[in-house]
Protein chains: 2
Amino acid sequence: MSRATVSYVLNRDSRQSIPETTRQKVLDASARLGYRPYGPARLLRGARSSVVLMLTQGLEHASDFVATGIITSLGAALRQHGLHLVWQLGAEECDTAIDLAPAVVLTSVPDGDPLIDELSEQFSVPVRSAFPHLDAFLAASAAAQVEHLVARGRQRLAYAAPSRPELGATAAIRHRAADAAAAAAGIPLPHRFEVPDDRAAAGAALRAELAAHPELDGICAFNDEVAFTVLAAAADCGIVVPSQIAVIGVDNHPLGPLTIPALSTVESDVTEFVTQFAAHVAQLAAGEAAEPPLLPDQAHAVPRAST
Amino acid sequence: MSRATVSYVLNRDSRQSIPETTRQKVLDASARLGYRPYGPARLLRGARSSVVLMLTQGLEHASDFVATGIITSLGAALRQHGLHLVWQLGAEECDTAIDLAPAVVLTSVPDGDPLIDELSEQFSVPVRSAFPHLDAFLAASAAAQVEHLVARGRQRLAYAAPSRPELGATAAIRHRAADAAAAAAGIPLPHRFEVPDDRAAAGAALRAELAAHPELDGICAFNDEVAFTVLAAAADCGIVVPSQIAVIGVDNHPLGPLTIPALSTVESDVTEFVTQFAAHVAQLAAGEAAEPPLLPDQAHAVPRAST
DNA sequence: TAAAGCCATTGACACGTGCAAGTAGATGCT
DNA sequence: AGCATCTACTTGCACGTGTCAATGGCTTTA
């Protein structure tokens, strides 16, 4: 009953032959005493950690519920590889918990961000963006928006950007993609139109926009939340959607079917990406270097009453 | 330049006097080599973990965005105590990562749930519900809804319950609280009325409800999402809110101001609770036993156009 | 000068685990 | 009997850290 014997039994070491009587004695004692192997000691000994650490900085406001969904399903997918995803929100100043020893670190910042190198140095484990090739992913949705509106016969578009400054970079990417899609379709480029969070202010902004561009007949919103604001503002202004102006969002927000009129939107299927990315992370955790799969660069319209 | 000397310098041990020259030499070498203390070894040595593990089972669908908000702000509050909150979603079958060694484990299940004892045995660290006294917290919002509707002159109420079975227990608590508030106000008890997720089905359900109870003039919705569905169904049925029926939700969802009409709702202020609960968790992490603060059992109305 | 005291530094250990290497004892083969 | 082979188990080490007790050099005091 030395420690080694116990260890052989509990780890089912096939190179050691253990008679059944001893085996049972060890198992009984282990169960009776409620023995649990102590994680830190195993790690110190050199065991591979089963922890994958997800770090997110900016997406607190649940606004990025698409990212939240990806993270959730990624956690489920990683569990099938024997890995455990834990999520640390708002790890601003790189004061991440040093005493959890992850096998892999994922971050919400895009590839190429200096934070990735910083984290890599700090943890000395593989660090990857959880959203590889994010720009193309973001751009695809805006392109799909424009294509859908054009297919519905709309020609004079505006791009409804959010007023939150932290979303500015993302909005710029999508707006450029909308421009490119408009150019490809041979219609005028959609001009930018900022939507305040406040409903009354949004109504005023929409009125001003229509005064400046009376021929406007379609709005691509940055995401569904901006689209909700536009719909509310339009109703307040007496603008009829979609007969006067069509409105389309991005993300397929669960509340989209409930607006008046129900919101058309655009969606990317990320299930395959999540599966592949989980496998990629499992490879990294196993010590193999590998290139990550990319987020889909295709999006499809979810047409409803607002277009 | 032995390991001990280095350790004394890096941990600023005040019981040891280290001459400045040696101190600098150690610091320089440490910085040059990019030394990071290895978490698992510190824990094995007996250091206190700075990790607080939050486990959630059911609240994937972002439906419980109130819980999500509490968790987020709790993470920020704990950081001020030098603790790091990490969040493992959907830890169903208790297969939680054993190799992260938390100082405290928090769970989304209410006090008294057998899972708490199970986790306590598994981790052998303090385990607490992150939502202590949850029932009273849930009940308070329903009471506030009824009081608000009564103050607006409504007398014949219905309780709009969600159709998702996993929310049934919570809905029952709130419905009972609504009954109690109605009894206290001297009006008939609100009868239950189930709202399907699908908009068309919700419209049919609302029509049937009105046919059965033509005198209905107010609806307490289980939460804002159910209220959104009710508003959409009402619009589809040609029912005018609030002149014919007033509708009020729960949670102060960020999209509430954007519905047509803007949704009245009910909210509890949890900032004080979060602060106190963070301090409580810090006590637990320091090894002191302590009773947790309780979630507020008061809620206040956020009146908008729908009542 | 020797005894005593202070200061900087160091060797050694413990924490819990997993595994390589080694050791008895039993059995088989010649 | 003598030697090889197997089984059943043990000893011992390493992982990286923090801290106690001990060491040796140097200065002060009697």
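Note on naming: letters A, B, ... go to the chains in the order of the sequence lines (proteins, then strands), and numbering restarts at 1 for each one.
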Quiz item: Can you find a side chain N or O atom of T22(A) that sits less than 4.0 Å from OP1 or OP2 on dA8(D)?
Solution: no
Exercise. Compare all side-chain heavy atoms of F222(B) with those of V250(B) and state whether any distance is below 4.5 angstrom.
Key: no
Quiz item: Who passes side chain to side chain donor-acceptor pair (under 3.5 Å) against Q276(B), sequence neighbours left out?
Solution: E272(B)
Extract all donor-acceptor atom pairs below 3.5 Å that involve side chains of residues 123-140 of chain B and protein atoms in other chains or at least two apart in sequence.
residue: R128(B); atom: NH1; partner: A290(B); partner atom: O; Å: 3.0
residue: S129(B); atom: OG; partner: V109(B); partner atom: O; Å: 2.9
residue: S129(B); atom: OG; partner: F131(B); partner atom: N; Å: 3.1

Quiz item: Considering all heavy atoms of both residues, which atom of S50(A) and which atom of D99(B) are nearest to each other, and what is their separation?
Solution: OG-OD1, 3.1 Å
Quiz item: What parts of residues 42-52 of chain B reach DNA chain D, counting only heavy atoms under 4.0 Å away?
Solution: R42(B), R45(B)
Exercise. In whole angstrom, give the distance that lies between atom CZ of R3(A) and atom P of dT11(D).
Key: 9 Å
Quiz prompt | Nucleotide dT7(D), atom C1' - distance to CD of E20(A) in whole Å | solution = 15 Å
Exercise. Mind calculating the distance between CG (N11(B)) and C1' (dG16(D)) to the nearest angstrom?
Key: 13 Å
Short N/O separations, protein against nucleotides 21-24 of chain D, under 3.5 angstrom:
none

Quiz item: Under a 4.5 Å cut-off applied to non-hydrogen side-chain atoms, are V86(B) and L100(A) in contact?
Solution: yes
Quiz item: With respect to the phosphate group of dT10(D), does any side-chain polar atom (N or O) of T5(A) fall under 4.0 Å of OP1 or OP2?
Solution: yes
Quiz item: Which part of the nucleic acid, if any, lies within reach of R36(A) when heavy atoms closer than 4.0 Å are counted: base, sugar-phosphate only, or nothing?
Solution: sugar-phosphate
Exercise. Could you tell me whether P40(A) contacts a base, only the sugar-phosphate backbone, or nothing, with contacts defined as non-hydrogen atoms closer than 4.0 Å?
Key: nothing
Self-check item: 5' precedence on DNA chain C between A4(B) and A41(A) (nearest-nucleotide basis)
Solution: A4(B)
Self-check item: Set of residues satisfying ring pair (Phe, Tyr, Trp, His ring centres under 6.0 Å) with respect to F273(B), sequence neighbours excluded
Solution: F277(B)
Practice problem: Would you indicate whether the side-chain heavy atoms of L55(A) and S108(A) approach each other to under 4.5 Å? | Solution: no
Quiz item: Between Y38(A) (OH) and dT17(D) (C1'), how many Å, whole number?
Solution: 12 Å
Quiz prompt | Pair listing, side-chain hydrogen bond (donor to acceptor under 3.5 Å, both in side chains) test, anchored in residues 25-47 of chain A, at least two apart | solution = none
Quiz item: Would you say the side chain of V274(B) lies within less than 4.5 Å of the side chain of I70(B), judging by non-hydrogen atoms?
Solution: yes
